[in-house]
**Student:** 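Attaching a single structure in structure tokens format; questions to follow.
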There are 2 protein chains.
Amino acid sequence: MTVTEKMEPIRVANETLASQIRNCLADDITSGAIAPGTQIDEQEVAERFGASRTPVREALRELASSGLVTIEPRRGARVVELTLDRIGEMFEVMAEIEAMCVRIATERMTTLERYQLHHLHNISHKHVLDENIDEYDATNKQFHTTIYNGTHSSFLIELASNLRQRIAPFRRAQFRGIQRLLISYEEHAAILNSIFAKDSDTAAKLMRAHMLVAGAVYTRYAYEHPSRLE
Amino acid sequence: MTVTEKMEPIRVANETLASQIRNCLADDITSGAIAPGTQIDEQEVAERFGASRTPVREALRELASSGLVTIEPRRGARVVELTLDRIGEMFEVMAEIEAMCVRIATERMTTLERYQLHHLHNISHKHVLDENIDEYDATNKQFHTTIYNGTHSSFLIELASNLRQRIAPFRRAQFRGIQRLLISYEEHAAILNSIFAKDSDTAAKLMRAHMLVAGAVYTRYAYEHPSRLE
DNA sequence: GAAGAAATATTTGTATACTTAGTAATTTCA
DNA sequence: TGAAATTACTAAGTATACAAATATTTCTTC
């Protein structure tokens, strides 16, 4: 064995080109960089990534399956554009799934996990005081993800995460206005209390309400600002 | 204009080659024709359908997204092979989703839809008497689908249908034994009663139990017959 | 004969080329 | 001038070709 024994090839990316493109496009869509309804030209995306159409097509197919774009045969792909009804349905289901998650998580979380959640809640308090919407949004996401993880059900974690991603493009109006930030924080506090009290049914009920409020906020906003419907 | 004016081109299929292959493979997998764990060779599938690898690859990507196959970069695709734990998690989530569906459906179904459900239930009774497992299974599926549709939430319908499809390859031991058929039938009857009584909470509770029993039946069977784990 | 290394074969990932369908533009005829 | 039809063009679907990585086999060495 020499000193120069074969090193790990520093595999630049354990990912395939197609999957990188998929992740990148997914980010663009969920962040709103590519607006709902936008037609996606395969050639254009290919050039942007310096690749051929093949991996782009595969990426688009995967995005279609996960619900971020729609593909019509011979007519290409476009970022999903949902009706208000449909978005309402998604929030409704999301509310139920989140309720399920918190109910199960309340029964299964470890002490450590509960305190991690509590810690996140404390952090978000600072963001409320600072009126830092972006940071609050990020911490909010972590808060929910931590609850998903608390179910210890990999399948449920995946399902909930996927749904959250699908709704993402339509949540951007969420925290418009500082008062909404505070309300969200207080709702979290109530949920957290139930979790620590190991009252799973109450936690679930509160979570369902919390999510339905978010849905209502969105749909009302979208209704009042139809031109900015994204 | 002559008599031979251009006829509708009898568009053989409004589908693309890739989507046909996808549907076909999905059937093969859910029906068990291709067993879990089977490695899928792109070239082989391409030849089977008389096509090139390109549409086959796209089909496999979509199947991966919907959870029927797993793809590892550079190592190809294989039919999902799940651990018992994972299957248990899926049944657990499925039970919750189905409970959600029946709760919402109980509140929203039209009179016509309720009677369609009742009709299906009557049909399944015949299959119980005939001990016709395959037919019962088909009617059972329709029964559940009718409940999904009763939610009038296209999003929820899609979600539930997708989950059902994902579990399909692992449900085949479901109705082994006539007594299980009868039990299933009677559980349906109780659910149906609650729906007609518009008691959505009870319907949900019964449905959850109904699905959890199915999951327990499977996992017990799989545990007792590990070699036939499919 | 077994273990490891080199060579070969197979298979996936990507690029390019070609075919076909859909759309837009232009032309022709009423 | 307006509508229908033809043509041209664009973009998606599919096939083929090539490159890169993994799997397999063979060969060498102990």
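Here is the naming used below: chain letters follow the sequence lines, and residue numbers restart at 1 for every chain.
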**Student:** Roughly, in whole Å, what's the span from CZ in Phe49(A) to C1' in dA15(C)?
**Tutor:** 17 Å
**Student:** Got a sec, which pairs hit salt bridge (Lys or Arg N to Asp or Glu O under 4.0 Å) with one end in residues 144-163 of chain B, sequence neighbours left out?
**Tutor:**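 Matches after skipping sequence neighbours: Arg86(A)-Glu158(B).
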**Student:** How would you list, by chain and number, every residue that makes a salt bridge (Lys or Arg N to Asp or Glu O under 4.0 Å) with Arg57(A), sequence neighbours excluded?
**Tutor:**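 Partners of Arg57(A) under the salt bridge (Lys or Arg N to Asp or Glu O under 4.0 Å) test: Glu42(A), Glu58(B).
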**Student:** Which pairs pass salt bridge (Lys or Arg N to Asp or Glu O under 4.0 Å) with one or both residues in residues 104-120 of chain B, sequence neighbours excluded?
**Tutor:**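 Pairs touching residues 104-120 of chain B that pass the test: Glu92(A)-Arg108(B).
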**Student:** Just how far, in rounded Å, is C1' of dA15(D) from CD1 of Ile21(B)?
**Tutor:** 12 Å
**Student:** Listed by chain and number, what are the side chain to side chain contact (heavy atoms under 4.5 Å, CB included) partners of Ile157(A), not counting sequence neighbours?
**Tutor:**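 Scan of Ile157(A) (side chain to side chain contact (heavy atoms under 4.5 Å, CB included), adjacent residues dropped) gives Tyr148(A), Asn149(A), Thr151(A), Ser161(A).
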**Student:** Please list, chain by chain and in numerical order, all residues satisfying salt bridge (Lys or Arg N to Asp or Glu O under 4.0 Å) with Glu98(A), sequence neighbours excluded.
**Tutor:** Arg164(A)
**Student:** Look for any protein N or O under 3.5 Å of an N or O in nucleotides 12-14 of chain C and output each such pair with its distance, or none.
**Tutor:**
{"from": "dT12(C)", "atom 1": "O3'", "to": "Arg74(B)", "atom 2": "N", "distance (Å)": "3.4"}
{"from": "dT12(C)", "atom 1": "O2", "to": "Arg74(B)", "atom 2": "NH1", "distance (Å)": "3.1"}
{"from": "dG13(C)", "atom 1": "OP1", "to": "Arg74(B)", "atom 2": "N", "distance (Å)": "3.0"}
{"from": "dG13(C)", "atom 1": "OP2", "to": "Arg57(B)", "atom 2": "NH1", "distance (Å)": "2.5"}
{"from": "dG13(C)", "atom 1": "OP2", "to": "Arg57(B)", "atom 2": "NH2", "distance (Å)": "3.1"}
{"from": "dG13(C)", "atom 1": "OP2", "to": "Arg61(B)", "atom 2": "NH2", "distance (Å)": "3.0"}
{"from": "dG13(C)", "atom 1": "O4'", "to": "Arg74(B)", "atom 2": "NH1", "distance (Å)": "3.3"}
{"from": "dG13(C)", "atom 1": "O4'", "to": "Arg74(B)", "atom 2": "NH2", "distance (Å)": "3.3"}
{"from": "dG13(C)", "atom 1": "O3'", "to": "Thr16(A)", "atom 2": "OG1", "distance (Å)": "3.1"}
{"from": "dG13(C)", "atom 1": "N7", "to": "Arg53(B)", "atom 2": "NH2", "distance (Å)": "2.9"}
{"from": "dG13(C)", "atom 1": "O6", "to": "Arg53(B)", "atom 2": "NH1", "distance (Å)": "3.1"}
{"from": "dT14(C)", "atom 1": "OP1", "to": "Thr16(A)", "atom 2": "OG1", "distance (Å)": "2.9"}
{"from": "dT14(C)", "atom 1": "OP1", "to": "Leu17(A)", "atom 2": "N", "distance (Å)": "2.5"}
{"from": "dT14(C)", "atom 1": "OP2", "to": "Thr16(A)", "atom 2": "OG1", "distance (Å)": "2.8"}

